[in-house]
Each structure stands twice: as C-alpha cells, then as structure tokens.
Amino acid sequence: MIYLDYQATTPLAPDARDAMLRWLDGPDGTGFGNPHSPHRMGRQAKAAIELARERVAALFPAGGQVIFTGSATEAINLAIRGSGKNGSVSVSAIEHAAVLDTAQALGQAHILNVAKDGQCNTNQDVPNDTRLIAVMQANNEIGVIQPTVEWHRKAKENNALFLCDAVQAYGKMLVTGADMIAVSAHKLHGPKGVGALWVRDGVSLEEQQTGGGQEHGLRSGTLSPALIAGFGAAAEVASERLEEDAAHVEMLWKRARELFSDWTLNGSAEARWHGNLNIRRTGLDVNRLMSDCRNVMFSAGSACASGSGRPSHVLKAIGLSDKQAKNSIRLGFGRYTTLEEIEQAAAEINAAAQDQGLTEQ
Ligand code: PLP
C-alpha cells in the first residue's frame with residue numbers, strides 16, 4: 001500500500017512510539033501512574049509530561065503556555081468558546097469544520113472571503129464588534145499558506161484576539177504570531193487523541209469543562225502521559241528535522257508536479273505547503289478512480305468531507321463549480337514517502353484516469 005494522505009494523518013514516528021511505551025506500563029510496570037498523584041510514580045509521570053510540554057513549546061513562539069487537550073478540535077473549542085461570549089467571530093471561508101462549525105454554533109460567525117488562489121487577504125473589513133479572528137496557517141485540503149502575521153496585526157487594530165489553527169503547519173514550518181494556536185499530535189507523526197492550545201501570556205480564557213482543574217484550570221481531566229510523551233517526542237524530532245523534511249517534501253513535490261502535469265492544480269502553487277497536491281481533471285469520476293487504485297491511499301477533498309457526497313466547501317470558496325470540486329483529488333506526502341512511491345502512485349492514478357477516457361484538463 002502507498003500512503004498519500006498526510007493531511008488526514010501521518011505515520012507514527014519510531015521515537016514517538018518508543019516514548020509512549022514507557023508510559024503505558026514501562027519495563028518495570030511503573031509507567032501507569034496518574035500524573036496528578038503526589039507519590040513517586042505520579043511525580044515521574046508528571047515529569048514526563050513537563051518534558052513533553054517543553055518539547056512541544058519549542059515549536060511555538062516565546063511568551064506563552066501550552067495547554068494539552070484531547071485533540072485540536074477541543075483546543076479550538078476552548079479558544080473560541082473560552083475567549084468571550086459576545087461579539088462576532090470572523091473566520092476564513094476555508095477553515096476546518098472545528099473552527100467554522102463552532103463559530104456558527106455560537107451564532108457569531110462572520111465569514112471572510114478567500115481569493116481564487118486560496119488566500120484569505122486582509123484587504124476586507126471585519127464587523128466592528130469582532131472579538132476574535134480565526135485564520136488557519138496552512139489549509140488541510142489545498143495546503144495554501146495564509147498571511148497570518150497580517151491577520152494578527154489586523155486583529156490587534158480591531159481590539160480582537162487572533163486564533164491560528166496551525167494543525168497542518170506545526171512541525172513543518174515555524175508557527176508565526178498569534179494570540180492562540182491550536183495543534184494536533186497526529187499530523188506531525190505523533191499519536192491520535194492529543195492536541196494542544198498555545199495561549200499567549202496575558203490572554204485569559206474561561207474553562208469549558210469543570211472538574212479537577214488540571215492545565216491551569218483550563219482543561220480538567222487526567223492527562224495521558226503516554227500520548228503526551230509521544231507528542232513531545234514527535235515535536236522534538238520535527239524540530240530537529242524541520243529543514244531536512246522540507247527539502248524532502250520539495251523534492252517529492254517537483255517530481256509529482258511533473259508526473260501530474262496533465263492535471264490542474266487547485267490553489268496557489270507558491271503560497272503552499274508542498275506536501276499537498278490537490279488536483280483535478282475535467283470529467284473525472286473520483287469514486288471510480290479510488291476503487292481502481294485501491295493500492296494508493298489518497299483522498300477526495302478533505303477526509304471529513306469525503307463520504308458526505310457534498311462538494312468541498314474549500315474548493316467551492318476558491319471559485320470551483322460543484323463539478324470541478326467533485327473532479328478533484330488530494331494527494332498528501334511527507335517525511336516517510338519515497339520517490340518510488342510517488343512514481344508508482346502516479347502511474348496507477350494516471351492509468352486509471354486514462355481508462356476513464358480523459359484526455360484534456
Ligand atoms: N484543523 C485542521 C486544519 C485539521 O486538518 C484538523 C484535522 O483534520 C483539525 C483541525 C482537527 O484536528 P483533530 O483531529 O486533532 O481534532
């Protein structure tokens with residue numbers, strides 16, 4: 001099987017796996033302690049969490065704290081719901097459902113437009129009562145990188161906070177200024193079921209679940225030392241390999257672009273994380289393509305949207321018709337993808353597209 005779905009999730013790094021095993025039971029059976037217990041086993045587990053916190057924090061700007069959560073979705077909910085009750089929440093049209101649906105559920109969403117290249121530019125107004133602006137760093141469907149520094153500045157000018165969903169960027173590029181940043185371990189070769197919210201010093205939030213008061217009272221619930229240790233190890237490896245991973249992805253991107261030169265790229269080629277190739281062919285039957293290429297794991301639109309039958313809201317927001325959106329596929333690759341895998345997958349996908357009688361873009 002060839003795995004080309006890196007925006008959905010990433011393979012677990014060996015270092016992350018090793019770090020986790022110690023806190024599941026450990027060689028001497030003492031790894032299962034509750035990190036909030038005051039005895040020795042508890043203190044050891046707590047120390048592992050604090051080490052992981054430092055490793056995760058190293059990929060964030062200075063001057064903030066890391067709150068561990070069960071996912072990025074939970075981190076985003078804490079940021080949006082916990083940062084205020086009144087006023088508008090201005091969000092880009094291509095945010096993940098975790099942001100869009102939360103702002104909408106509160107009845108506070110103001111949707112920011114996105115240009116044809118996939119960028120959400122700051123040359124548009126936000127409502128006067130905007131209390132929070134949320135623009136992601138790299139999009140999960142088309143990989144387009146957003147001008148988050150400018151949005152942070154605009155938020156300050158409007159006396160609003162700025163939340164950045166950096167799930168797809170964290171561990172791949174430096175995460176730039178924001179008041180709050182949400183991330184998820186499983187997108188950077190860590191385990192599923194653990195995320196974090198980075199909160200700038202001085203930003204105050206209200207807890208969204210009551211209980212034992214863990215994580216500075218912001219996220220009650222017993223932390224998982226194994227998941228968090230895995231997250232920390234994955235973050236440390238990502239810090240060490242930031243440039244090496246980016247160079248590897250660049251090499252794969254260049255070859256993939258050649259191999260899929262008959263396809264049209266969705267979104268900007270330049271302002272983009274190059275581990276994402278979202279492409280379309282006129283008349284492509286994506287379901288048939290997927291069943292013809294069962295050896296290749298890729299996606300139709302985003303993992304969340306695929307299966308729903310609805311055309312992707314991201315592709316629609318950048319001006320694609322329903323048909324064009326449904327003619328699109330997403331290939332995602334990264335650290336563990338080989339050139340041979342890209343070539344093999346391209347051969348299979350292009351042959352299957354040819355079988356559909358597709359000749360033009
Ligand atoms: N934001 C983006 C951009 C994502 O890609 C995802 C996951 O697909 C999420 C948020 C949600 O992350 P989690 O799976 O940790 O809830």
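Start at 1 and go down the list; that is how both ligands and their atoms are numbered.
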Going by the angle between their ring planes, with limits at 30° and 60°, are Y336 and H189 parallel, tilted or perpendicular? perpendicular
Distance-only criterion, 3.5 Å: show the donor-acceptor pairs between side-chain atoms of residues 153-160 and protein atoms not counting sequence neighbours.
unit_1	atom_1	unit_2	atom_2	d
K154	NZ	T122	O	2.9
K154	NZ	Q124	O	2.8
N158	ND2	K154	O	2.8

Contact between K192 and ligand 1, counting heavy atoms under 4.0 Å? no
Whether the R280 and N266 side chains hold a donor-acceptor pair (N or O, under 3.5 Å, no angle test) is what I'd like checked. yes
Please walk me through it: do F298 and Y3 pass ring-ring contact (aromatic ring centres under 6.0 Å, His included)? CA-CA 7 Å; F298 63 102; Y3 185 75; over 10 Å; no
Mind checking whether [X] contacts ligand 1 via backbone (N, CA, C, O), side chain (CB onward), both or neither, at a 4.0 Å heavy-atom cut-off?
X	result
K187	side chain
T73	both
M136	side chain

Contacting atoms of ligand 1, where contact means under 4.0 angstrom from a heavy atom of S184: 13 (P), 15 (O)
Taking only heavy atoms of N140, which atoms of ligand 1 are found under 4.0 Å from at least one of them?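 Result: 3 (C), 5 (O).
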Report all side-chain donor-acceptor pairs from residues 201-209 shorter than 3.5 Å, counting only partners two or more places apart or in another chain.
unit_1	atom_1	unit_2	atom_2	d
E206	OE2	K85	NZ	3.4
Q208	NE2	E206	O	3.0
Q209	NE2	S220	O	2.7

Side-chain contact, heavy-atom cut-off 4.5 Å: M180 with W198?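 No; the side chains remain at least 4.5 Å from each other.
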Taking distance alone, with N or O pairs closer than 3.5 Å, would you say Q7 contacts ligand 1?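 No.
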Using a plain distance cutoff, I'd like to know if V167 has any nitrogen or oxygen under 3.5 Å from a nitrogen or oxygen of ligand 1.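 By distance alone, the answer is no.
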Thinking salt bridges, do R335 and E244 make one under a 4.0 Å N-O criterion? no
Given T9, D165, I94, which one has a non-hydrogen atom that is nearest to atom 1 (N) of ligand 1?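 Among T9, D165, I94, the closest heavy atom to atom 1 (N) of ligand 1 comes from D165.
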